[in-house]
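Labels below follow one simple rule: chain letters A, B, ... track the order of the sequence lines, proteins then strands, and each chain is numbered from 1.
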Amino acid sequence: MDFNFTEEQDMVRDGLSRMVREQYDWESRRKAIESDAGWNPEVWAQLAELGILGMPFSEKDGGFGGGAIDSMVIMEEFGKGLVIEPFVPTVVCAGGFLKHAGSDAQKEEHLSAIIAGKRVFAFAYAEPQGRYDYADLATTAKKDGDAYTLNGHKAVVIGAPWASHLVVTARTSGGERDRDGVSVFIVDKGADGVVTRDYETVDGRRASEVYFENVSVPADALIGEEGKALPLIELVTDEAIAAQCAEACGAMKVAHTMTVEYSRQRKQFGVPIGQFQVLQHRMVDMYTAYEQSVSLTYLATLKLDAGEAERKRAVSAAKVGVGQAARLMGQEAVQIHGGNGVTDEYAIGHYFKRLTIFDHEFGNVDHHMKRHVKLG
Amino acid sequence: MNLEFTPEEIAFRDEVRTFIEENHPKHLGDFGMREDMSPEDMVAWHKVLGEKGWSVPAWPEQYGGTGWTPTQRYIWSEENARANTFMPLPFGVSMVGPVIYTFGNEEQKAQHLPGIRSGETWWCQGYSEPGAGSDLASLKTTAVRDGDHYVINGQKTWTTLAQHADWGFFLCRTDPDAAKPQEGISFILLDMKTPGVEVKPIKLLDGGYEVNETWLTDVRVPAENLVGEENKGWTYAKFLLAHERSGIAGVARSKRGVEKLREIAGSEMLYGEPLMDDFDFARKVSQLEIDLAALEITELRTLAGEQAGKGPGPESSILKIKGTEVQQRLTELTLEAVGSYGTPYYGNITGEAGVGADQRARIAGGNATNQYPIGPDYAQHSAATYFNMRKTSIYGGSNEIQRNIITKMILGL
């Protein structure tokens, strides 16, 4: 049993922390979010240069030999600075599908481009009717000779406006919610018939509704085995959940520190409000919730390589526990900030928004509570 | 970073598991704490461990500690929870022992440490008073120096199992004029057979007698029973409380308790299906397991910090708060699970099969032991345990006091 990070992981944390602190300051972030593109591609290039985008890939795949623990370290720092860049869709999700099930040709084509920061992916899995069920797919892919034809509508595809490529889940056989018959494809966003409607998200990112209208992709766009992709999707999304739990921990840490600091400065009734026991104990409960979230994030991350049931149980435990903590932290931080907490000007409200939306990706608290219960 | 045991740790686990199987007194079964346990039963496992040299694993090796790593100590408590052993009481092993070897003189170490290790000497704690609970430093019991003795007068309360105790450690006011209440307190060891010591039981909600009022009237204690310096007792008391908190999470016991809860909810029926298959109930069990999983890793992180040389710090207050919340929730859900059979008062004789059967027969209105028992066996302790466990968020520095500690030490407010 060992809770130490390697020297390399400590270095990654320090380097990233410095970069976020020095170059991802609040004004730069706001400027990027409010720009037409909604992000700053130079930041992405810089992350590639620092080696961040290659951390969780094996050396054989052109990466730096890290794994989920490295992604955890990286995402925690991203969370602290509310970094909007699409590390999870591109590196954890697309990268995850490729490293677990990609053919040599697919890896060669896409992985080195991902690691070099030259190709951005989005992961199109959700559908308007499907909520958090990855198998509830109305999007279809019909085999047609050497190609598949995709039709359907994918909902709230995070980072799609910035992406050149999509990883798309679609039904190749079976009924709408069957476990069998689910497949995963890589689709060039520029392909004929791909229609997107782009928009801002409440937490400062960009997303798209993506429509596939008779989009033809070659047979080698299929990742893994046709119709057997659900366990793979569950694995990759579990990895994404662990990474986003780390992001939430980073955001919670900062939200908590900001709140304690604010309570030290803000005076009412002639004293700093941090002197009031009724607020002190609430800030202690926020702190405890944060520490418990860090523990659950470690648990989820360290169990990603365990057997399927053990992995799912740990990941769902984390998504429930961190989801509950994120909600508590966000709401309480705003409350203790008083009126300033509900202004756009103060940073705390933006942490609140990100911590709120954390619950809406890859299954919310109720969804994962159900999965935890089902696993017995 | 990993959660795996090394081959050496697995070998250690097998060794202690075998030792427990072969040496845990058979007549104690696997019941853990029971309201009707005899004092001999409560120290039986302690005495076995004393002979083996495993009764005080966390102590420095020079005083009889095992030198185990925190991971080994974690394995040790896991294995004991698995076998549901009745572990050594904390008053000697985790409370006064560390104070004596840290602040006591050589004579005190020689006189007291062997009895704590072996389980021969039963210790009790004289801290709280009727007027001094969370505000412990306001205590009024006085110790006045009179030649070679201190003369102690006052009243202590919540003195756990003092009815069996040979010795007690008491906080007494030695300087009533000190600038701050914390500064005039001393830490004194007291032979409970000294004239003037009177122990009166307090009956608790669950019907059991585990705590007492301790009245001290002109009790003459040799001056050499003072630990450390006069008027420095508060420092030792705080040191002791931090030690008390670090083991207080009770993770291994709670894990076993959740298993038991799943068994109970698996045999209780609701609308013709096992209660455990009811989503509303199962969701509550899952929430408990998730909170417990988080707590377990938090405790392991604290242990790892200790291994790296950090003493039990203010983080142990988190373990106390979350640990007791989990313990209380567990007993609450267990009582909920047994349904109607949580209602009967089973009395405090619910332990050994024969006695329990008598008791059950008596409640049933019969006078023979071959009557049907009332309700399932597992229901008998559920209400009593739930009532009893409300103490956990109150003792050892209430959970509100723990929040004050975190406010000061971690938030810096």
Side-chain angles (χ1 to χ4, degrees), chain A residues 1-6 9 68-69 72-73 256-257 259-260 263-264 272-277 279-289 291-303 305-306 313-314 316-322 324-325 366 368-376, chain B residues 1-6 9 69-72 74-75 262 266 276-287 289-305 307-308 314-315 317-322 325 399-413:
Chain A
M1 207 177 294
D2 176 12
F3 290 96
N4 293 310
F5 293 97
T6 63
Q9 286 159 350
I69 298 169
M72 178 176 84
V73 169
H256 185 256
T257 306
T259 304
V260 172
S263 81
R264 229 193 291 273
I273 60 171
Q275 297 297 310
F276 298 131
Q277 197 176 45
L279 297 188
Q280 290 175 347
H281 285 199
R282 286 165 74 166
M283 289 188 277
V284 167
D285 289 345
M286 291 157 73
Y287 177 77
T288 306
E291 285 290 337
Q292 296 282 78
S293 296
V294 171
S295 294
L296 285 170
T297 301
Y298 285 4
L299 180 69
T301 305
L302 295 172
K303 292 285 184 191
D305 294 332
R313 215 162 183 277
S316 284
K319 194 67 166 70
V320 169
V322 178
Q324 291 167 335
D366 282 358
H368 282 281
M369 187 67 92
K370 280 200 182 69
R371 190 168 82 151
H372 194 274
V373 164
K374 271 191 205 140
L375 288 162
Chain B
M1 214 182 198
N2 66 75
L3 293 173
E4 316 306 321
F5 290 138
T6 63
E9 285 162 352
T69 63
T71 308
Q72 285 176 305
Y74 165 80
I75 291 169
R262 281 184 168 279
M276 205 54 230
D277 291 350
D278 175 62
F279 180 74
D280 286 340
F281 190 80
R283 186 183 57 74
K284 292 186 257 192
V285 176
S286 272
Q287 181 74 60
E289 288 180 310
I290 290 165
D291 292 341
L292 181 54
L295 177 66
E296 181 173 26
I297 303 290
T298 302
E299 187 183 39
L300 290 170
R301 288 166 58 206
T302 310
L303 282 175
Q307 195 154 18
E315 308 81 42
S317 290
I318 294 179
L319 300 179
K320 204 271 172 170
I321 295 171
K322 299 312 286 186
E325 283 176 2
N399 286 12
E400 288 70 31
I401 292 294
Q402 305 302 331
R403 287 182 171 85
N404 288 351
I405 293 171
I406 296 172
T407 298
K408 202 168 155 199
M409 308 300 288
I410 298 179
L411 307 191
L413 289 172

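Interface remark: K370(A) contributes backbone and side-chain atoms alike to the contact with chain B (heavy atom separation under 4.5 Å). Proximity to chain A (any heavy atom under 4.5 Å) is shown, for A282(B), by both the backbone and the side chain. Proximity to chain B involves both the backbone and the side chain of V260(A), based on heavy atoms less than 4.5 angstrom apart. Contact of Q287(B) with chain A is made through backbone and side chain together, with heavy-atom distances under 4.5 Å. Looking at F3(A), the atoms closer than 4.5 Å to chain B (heavy atoms on both sides) sit in the backbone and in the side chain alike. Neither the backbone nor the side chain of M286(A) comes within contact range of chain B; no heavy atom of the residue lies under 4.5 Å from a heavy atom of that chain. Heavy atoms of D285(A) lying under 4.5 Å from chain B belong exclusively to its side chain.
Here L300(B) is the residue among D277(B), D291(B), L300(B), T71(B) with the most heavy-atom pairs under 4.5 Å with chain A. Ranked by non-hydrogen atom pairs under 4.5 Å with chain B, the options G321(A), G376(A), P272(A) are led by G376(A). By number of non-hydrogen pairs under 4.5 angstrom with chain B, the leading residue of H256(A), Q280(A), Q9(A) is Q280(A).
Atoms CG and CD1, from L413(B) and I273(A) in turn, are 10.0 Å apart once rounded to the nearest 0.5 Å. From Y74(B), atom OH reaches atom CE of M1(A) across 5.0 Å, with rounding to the nearest 0.5 Å.
Shown here for A294(B) and S295(A), the closest heavy-atom pair between the two residues is O-CB, 3.4 Å. Of all heavy-atom pairs spanning L3(B) and L302(A), the tightest one is CG-CD1, 3.5 Å.
For the pair R313(A) and E289(B), the salt-bridge criterion is met [side-chain N within less than 4.0 Å of a carboxylate O].
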Report task. Start with the C-alpha gap between Q292(A) and I297(B), add the side-chain angles, then the distance that decides, and say whether side-chain contact (heavy atoms from CB on, under 4.5 Å) holds. Result -> CA-CA 8 Å; Q292(A) 296 282 78; I297(B) 303 290; over 6 Å; no

Report task. Dump the intermediate steps for side-chain contact (heavy atoms from CB on, under 4.5 Å) on H281(A) and E400(B), then the final yes or no. Result -> CA-CA 8 Å; H281(A) 285 199; E400(B) 288 70 31; 4.1 Å; yes

**Report entry** Pair R301(B)-E291(A), salt bridge (Lys or Arg N to Asp or Glu O under 4.0 Å): steps then yes or no
**Finding:** CA-CA 10 Å; R301(B) 288 166 58 206; E291(A) 285 290 337; 2.7 Å; yes

Requested in this report: Applying side-chain contact (heavy atoms from CB on, under 4.5 Å), run through T288(A) and R403(B) and close with a yes or a no.
Outcome: CA-CA 10 Å; T288(A) 306; R403(B) 287 182 171 85; over 6 Å; no

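More than 12 non-hydrogen atoms from other residues, nucleotides or ligands lie less than 6.0 angstrom from CG of D2(A).
The shortest side-chain heavy-atom distance between I290(B) and M369(A) falls under the 4.5 Å cut-off.
Side-chain N/O atoms of N404(B) and Q277(A) include a donor and acceptor closer than 3.5 Å.
Checking I406(B), L411(B), T407(B) one by one against M283(A), the side chain to side chain contact (heavy atoms under 4.5 Å, CB included) holds for a single residue, L411(B).
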